[in-house]
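The structure appears right after this line, and notes come after that.
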Amino acid sequence: GWRSVCSRRNVCSSPSRLQSCMSAWVIDQYGTNEVLKYSEDINVPTVHSPSEVMIKVHAASLNPLDISMRGGYGAKLLKLRRDPMSVMDNDSEFPLILGRDVSGVVVDCGSEVTHFVPGDEVWAAVPPWKQGSLAEFVTLTEYEVSHKPKLLSHTEAASIPYVANTALSALVNAGGLCRDSSSNKRVLITGGSGGVGTFSIQLLKAWGAHVTVTCSQNAEGLVRGLGADEVVDYTAGDVAEQLEMMEKFDVILDNVGGEMEQLAMGMLKPWSGAKYVTLVTPFLLNTDSMGLLDGTFHAGFTLHSKAIQNLISSGVFYRWGFYAPDGPALDEVSSMVDAGKILPVVEAQFPFTQVPQAFQKLEDGHARGKTVVRVA
Ligand code: NDP
């Protein structure tokens, strides 16, 4: 069991041994910002399986998903993912802890954990079906966790994991790009000023791609500073008109969706393996409104028919991008950060007492990078 390993690792000072309750921001029902509650008697998520790592949270950050999940988005599918066989004593997801990013320190490890020991500084993106990081402690599986970049403070580090795992999954798995194949690629990133955008610009520039970004006029300085080669101000008139005057793209990463989806397809190089990857997908909305089976079927049908239609009419691939937990991918990002190739973009910081204010900031929109919560 973990005891033999942990005694070797001298974790007697582990807070898990000393306390059974922790403080966290939780919701007991879905709704607007008023449902967020601070509690000091939430069970500490101790290590339950040999591959788990328990982390003392120093900083967390917020993503648009936190706002959606606060309102019940994805509830049906996430509930199934948490408890596929409906075996939990309590089949309620409440009290639910939001917050997807963590930077912190390992305090306990399962017996089969090989990459981490207590005391290690780590970062991770917490999958939406697990209890989140707006809490004193979070427990994850080893493969979801990574050693945090040495050059960053916890506050800076917390701004990166969820957008990094999302961007890498979307650009690599769906977009077919990688470090060695991007140097002659033209990539368009819509919504370049937000969390995913500010990370993706830097990643793609480090990989040698040519990067065009759409954003508001007042974000141009930010995205150019991060390396964007060309910037299109979508508030200055017809964005399609401006983009159509440019050379066509190999990959489009769409953080905006809506009418961009239609427009973007015509901006890809035809019949050359070009890919449109959107992060704005109806998947969880469908399962929420239609139920799991119909929702999944409907989403699959939509994706399939759009993919076929685009491939047949213009020889371009239409794909959905998704966040995927991936510690090893974060290891790569960690070394890129320590090599100075990727900078954290922290727009706003809030203390742990002001989580509702942090949610409000995010909900007001117009992100310029990330909103971080200092937990410890
Ligand atoms: P953010 O809120 O951090 O950023 C969104 C950015 O888009 C803001 O900077 C906003 O600034 C800008 N924007 C809004 N409208 C437009 C427009 N028409 N053209 C260009 N820019 C625009 O979000 P994230 O970067 O974290 O996420 C991006 C999207 O991806 C979200 O919809 C999110 O839900 C989704 N997502 C999906 C995931 C998945 O697994 N499928 C995972 C992660 C994110 P301004 O309004 O001032 O222009």
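Remember, it's 1-based here, ligands and their atoms both numbered in the order they're listed.
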> Is there a side-chain contact (heavy atoms from CB on, under 4.5 Å) between Leu226 and Phe199 once you walk through the steps?
Replying inline: CA-CA 9 Å; Leu226 298 172; Phe199 177 84; over 6 Å; no
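The nearest non-hydrogen atom to atom 9 (O) of ligand 1, considering only Ala367, Ser68, Gly257, Pro64, comes from Ala367. Nearest to atom 12 (C) of ligand 1 by heavy-atom distance, out of Ser193, Cys215, Gly195, is Ser193.
Between the side chains of Gln242 and Asp238, no donor-acceptor pair of N or O atoms lies under 3.5 Å. At a cut-off of 3.5 Å, with distance as the only test, a side-chain donor of Asp331 or Ser146 sits close to an acceptor on the other residue. Judged by distance alone, the side chains of Asn173 and Arg319 never bring a donor and an acceptor atom under 3.5 Å apart. No hydrogens or angles considered: a donor-acceptor pair under 3.5 Å links the side chains of Thr235 and Asp233. Donor-acceptor pairing under 3.5 Å is recorded for the side chains of Lys130 and Thr141.
Ring geometry for Tyr38 against Phe352 counts as perpendicular: the plane angle is over 60°, on a 0 to 90° scale with 30° as the lower cut. Classification of the Tyr323-Tyr162 ring pair by plane angle, with boundaries at 30° and 60°, yields parallel.
Less than 4.0 angstrom separates some heavy atom of Thr166 from each of these atoms of ligand 1: 42 (C), 43 (C). Of all atoms in ligand 1, listed by their number and element, those nearer than 4.0 Å to a heavy atom of Gly321 are 39 (C), 41 (N). When each atom of ligand 1 is checked for a heavy atom of Ser216 under 4.0 Å away, the hits are 45 (P), 47 (O), 48 (O). Those atoms of ligand 1 with a heavy atom of Thr214 less than 4.0 angstrom away are 19 (N), 20 (C). Taking a cut-off of under 4.0 Å to the non-hydrogen atoms of Asn255, the atoms of ligand 1 that pass are 28 (C), 29 (C), 32 (O). In the vicinity of Val256, heavy-atom distances shorter than 4.0 Å reach the ligand 1 atoms 16 (C), 17 (C), 18 (N), 19 (N), 20 (C), 21 (N), 22 (C). Near His366, meaning under 4.0 Å from any of its heavy atoms, are these atoms of ligand 1: 11 (O), 45 (P), 46 (O), 47 (O).
Residues Gly321 and Ala170 share a closest heavy-atom pair of CA-CB, 4.2 Å.
The proximity of Val196 to ligand 1, defined as any non-hydrogen pair under 4.0 Å, involves the side chain as well as the backbone. Only side-chain heavy atoms of Arg368 come within less than 4.0 Å of ligand 1; its backbone N, CA, C and O stay farther off. With a heavy-atom cut-off of 4.0 Å, Tyr323 touches ligand 1 through backbone and side chain alike.
Considering backbone and side-chain atoms alike, Tyr162 places every N or O at 3.5 Å or more from each N or O of ligand 1. The distance criterion of under 3.5 Å between nitrogen or oxygen atoms is not met by Asn63 with respect to ligand 1.
The protein heavy atom nearest to atom 37 (C) of ligand 1 is Leu279 O, 3.2 Å. At the shortest separation from atom 4 (O) of ligand 1 among protein heavy atoms lies Gly194 CA, 3.1 Å. Looking from atom 21 (N) of ligand 1 to the surrounding protein, the closest heavy atom is Gly191 CA, 3.2 Å. Atom 19 (N) of ligand 1 has its closest protein heavy atom at Tyr234 CD2, 3.3 Å.
Judged by a 6.0 Å distance limit and a 45° cone about the ring axis, Arg186 is positioned over the six-membered ring of Phe249.
Between the side chain of Asn310 and the backbone N or O of Tyr318 there is no donor-acceptor pair closer than 3.5 Å.
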